[in-house]
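Notes follow once the structure below has been shown.
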Amino acid sequence: MKEYDHTKIEKKWQKEWDTTEIYKTDSATTKKKFYVLDMFPYPSGAGLHVGHPRGYIGSDVYARMKRMAGYNVLHPMGYDAFGLPAEQYAIEHKIHPSNAVAINVATFEKQLSMIGLSYDWSRKVNTTDPAYYKWTQWIFLEIYNSWYDKSASANKARPISELIEIFIKNGNANIDAVCDINFNIVFTASEWVSYTEVEKESILMKYRLAYEGYALVNWCPNLGTVLANDEIVDDKDGNPVSERGGHPVEKVQMRQWFMRITAYSDRLIDGLENIEWSTHIKEIQRNWIGKSEGSEISFNIRVVKKFSSGPRTREDEELDHEENIFNNSTSIKIFTTRADTIFGATYMVLAPEHTLVEELSNRIDNLPEVKAYILSLKNKSEADRTKNDKRDREFATKFNLPIVDKPLVDAKEITEKVGGKIVTKYKMRDAIFARQRYWGEPIPLKHNADGTITALEEKDLPLELPNVDSYEPIGTGESPLGSVPSWVKEGYETNTMPGWAGSSWYFLRYMDPNNNNAFASEEALEYWKDVDMYVGGQEHATGHLLYSRFWHKFLYDRGHVPTDEPFKVLRNQGLIIASDGRKMSKRWGNVVNPDEIVKTYGADTLRVYEMFMGPFDQAVAWNTQSIIGSRRFLEKVWKGSSYALQNKTQQTPEDLEKELHKTIKKVSEDIETMSFNTAISSMMMLSNQIEKYKIISISDYKLYLQILAPFAPHIAEELWNLLNGDENGPSLHISGWPIFDEKKIIDDTIIVVVQVNGKVRTQLSVESTISEEQIKELALKDKVVLGWIDGKEVKKIIYVKGRLVSIVV
RNA sequence: GCCCGAGUGGCGGAACUGGUAUACGCGCACGACUUAAAAUCGUGUCUCGCAAGGGAUGUGGGUUCGAUUCCCACCUCGGGCACCA
């Protein structure tokens, strides 16, 4: 038999599969569907390291098994290519970002295709393609033109036109809608009609699910640009500075677009019940949304003026009068989840941005200190600040405030007694949906001279990104689009969409990637419905995975998709870290390149190794030394085929046949639960057995190749064809999934362990049909057992069927 | 701090629903083949002990005939904690 030449075999079959299109998704919809999806990558310039394909290989194994089992499998791949890294790359290399993307995609695709992944490449999507982002813009407009009806009968998004109708008929007094928390204007129908267009627009903006507002951003005056959090580092003194240049960074308010994701808080929590995701990710999302019930209580305040010694002056009297008015009209509203401990409250701390701090500034003794403190906080991140005030007791101790032991009362009772109310709060905030950058989807809105906003119509989409001379920020905080005269003249929005826009719905586009009339046809959506198996990193728990659910629920509300949740099952692959225990990174010089591994050991070995090295969802350290084990295993498989070929009429020994069918069962179950490491381990054992017997029938070896196929598709296909000889059958990968024979895995004899007082003392080899009575009797008569019982009275005897007998004396 | 998750040989890890702890692989040791080496094949490989047997799944308790698995406390590590792809 020839040597196992992985390079030759892998090239040969990749070409063949490409030509025969065996991985192409069936367009006929009579078969049962199965949608296996990878989180599509951001094609960075650095290329892949061996950690990247782990998830892709896992989902590929799963998809291949489903395909062989007869499902119509949708297993696509695409690119999420808008965003900062491509823009930076373009600035550095002085090329257009779209060229940078094209280069990176090519590198990426070359590396991916080497691994033998069974994608249907004809369905590839790219978020930066105008034909794609036309529909990202379309979805944005749907969201912009919607409001959230919170009433129990609806509890969903509805068109903004329906809200306007309600305003015209009844004003806004009786609607239960999600709107801006600070918006408290109530108007009648006739008042609404009397408003100007600008007034109407500004009211509607309080209700829209995509709305304009202001938010704190990281502003770097020296660079004249807004920075993302990961572009900011701390300097020696702990102050935030830009990573590039080390210039000071401050927080400033800036105009932004937002998505009213908070309207969906409850549904995003409740929906977790019905999807099969890891409890870990669900927990992260729940924490992120942060629903909590608590009490809202107002504290009246009293400003105490320190009078100067000596007789009271008229000035003092005036001040006193002012204070009385102030004290009677001002209160501080607080939120607490522990109203039962309210008697323990001995002090109150105001947030530095609280308006009272400013209002009462003339009463503050140490005003300069306070001001300095506020200033120092201004540039700290939200997390840095909130960490402190939780430790109330420590705070009190630090500043010498009294601590009162807290009497127990009922939280609800006390809240009502003091005139507060029980409220539900959420930690989650609305999502900022704008970047002051060039390389993103243009937001399809126009600002008119009169202050109103016009949404583009579908026929005018896509609103394409104009070419610009420079992608550098223009120094005003606006995106480079603000320096394009034609763009500004038309009044187009200069903010672009954030990176998560295009990735929030891409899985729908794969269903019908070339449709020009809709993001996907109704038929395609009705057939594919949702993702059956989604594989990706858990680092997207509070980003992509939350935004996608939000958009999907919105699309569902508006009747655009047939399901309420996009991803039925989610599995997260663990990180592959470098052998030195650190993340693989150029910075540490510990990157292992998959190209090298494929060249030396072959793609099949890489695939087997990555699936074998540990549990799929667990982080594991790369160890190049260990790869040889996976390579040896495949060589054993290679050699094993010669035992099948040596005599075409030979039968498989009965015991080996039993092993084979047990392995088929085990591998089938393990792929289903993504326990790839134990699936491979059981196949290794089978190969070891075949090596021992050195006889197996061709048909049995073919069964083995079928279960190996998802893991090592190239070598399996090569041997499959070798064993088929002149027969010209279908590719192994569409040859069906073997079903184990129930009768063939029954053991005639079993080993039963005997324990005396909880310790294993001996084993009995018995017929599997033995009764409980018989085995107990056998155990009690056993010589070894008798020695341990030593004439003592047997108090108890327990039999666990087919496993052990436990004797207590 | 709060909320999750995890700690098993020299290393990666296995163990069904509470039922023989250490499967499978790497490494290592010895042997076979070879002039030799590599590759391959075989044997061994938690620990103490000559053996009989004892002890080990982060630490200390508990429940049970029986605990890696369940409960309590602690230690260590990893992740999440308001926008970051």
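Side chain A:Thr542 to base B:C81: no donor-acceptor pair is found below 3.5 Å.
When the side-chain nitrogen and oxygen atoms of A:Arg632 are compared with OP1 and OP2 of B:U40, one or more of them lie within a distance under 4.0 Å.
Atom CD in A:Glu87 sits roughly 12 Å away from atom P in B:A85 (whole-Å rounding). Atom pair A:Lys662:NZ and B:A23:P shows a separation of 18 Å (rounding to whole Å applied). The CG-P distance, from A:Asn623 to B:C24, rounds to 19 Å in whole Å. In this structure, A:Asn677 places its CG atom 14 Å from P of B:G12, rounding to the nearest Å. A:Ile284 places its CD1 atom 19 Å from the P atom of B:C2, with the value rounded to the nearest Å. In this structure, A:Ile680 atom CD1 and B:C26 atom P are separated by 13 Å, rounded to whole Å. The separation between A:Ile577 atom CD1 and B:C11 atom P is 15 Å, rounded to whole Å. As a whole-Å value, the separation of A:Arg429 CZ from B:C84 C1' is 17 Å.
Applying the Watson-Crick and G-U wobble criteria (two distances, each under 3.5 Å), B:G49 pairs with nothing in any strand. B:C24 is paired with B:G12 under the criterion used here, namely a Watson-Crick or G-U wobble arrangement in which both key atom distances are under 3.5 Å.
With P as the reference atom, B:C72 and B:G78 are 25 Å apart, rounded to whole Å. Rounded to whole Å, the P atom of B:A73 lies 45 Å from the corresponding atom of B:C28. Here, B:A14 and B:U57 have their C1' atoms 12 Å apart, quoted to the whole Å. Taking atom C1' in both B:G55 and B:U17, the straight-line distance is 29 Å, to the nearest Å. Comparing the P positions of B:A21 and B:U68 gives a spacing of 8 Å, expressed to the nearest Å.
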Quiz prompt | Check against salt bridge (charged side-chain N to carboxylate O under 4.0 Å, His left out), A:Arg260 and A:Asp180 | solution = CA-CA 9 Å; A:Arg260 213 179 292 283; A:Asp180 189 312; 5.4 Å; no
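The aromatic rings of A:Trp622 and A:Tyr609 lie perpendicular to each other, with more than 60° between the two planes, well past the 30° mark.
Counted within 6.0 Å of NZ on A:Lys694, heavy atoms from surrounding residues, nucleotides or ligands total more than 12; the atom is thus considered enclosed.
In this structure, of B:G19, B:C83, B:G13, it is B:G19 that holds the atom nearest to the side chain of A:Ser806.
No salt bridge links A:Glu635 with A:Arg632; every basic N to acidic carboxylate O contact stays at or beyond 4.0 Å.
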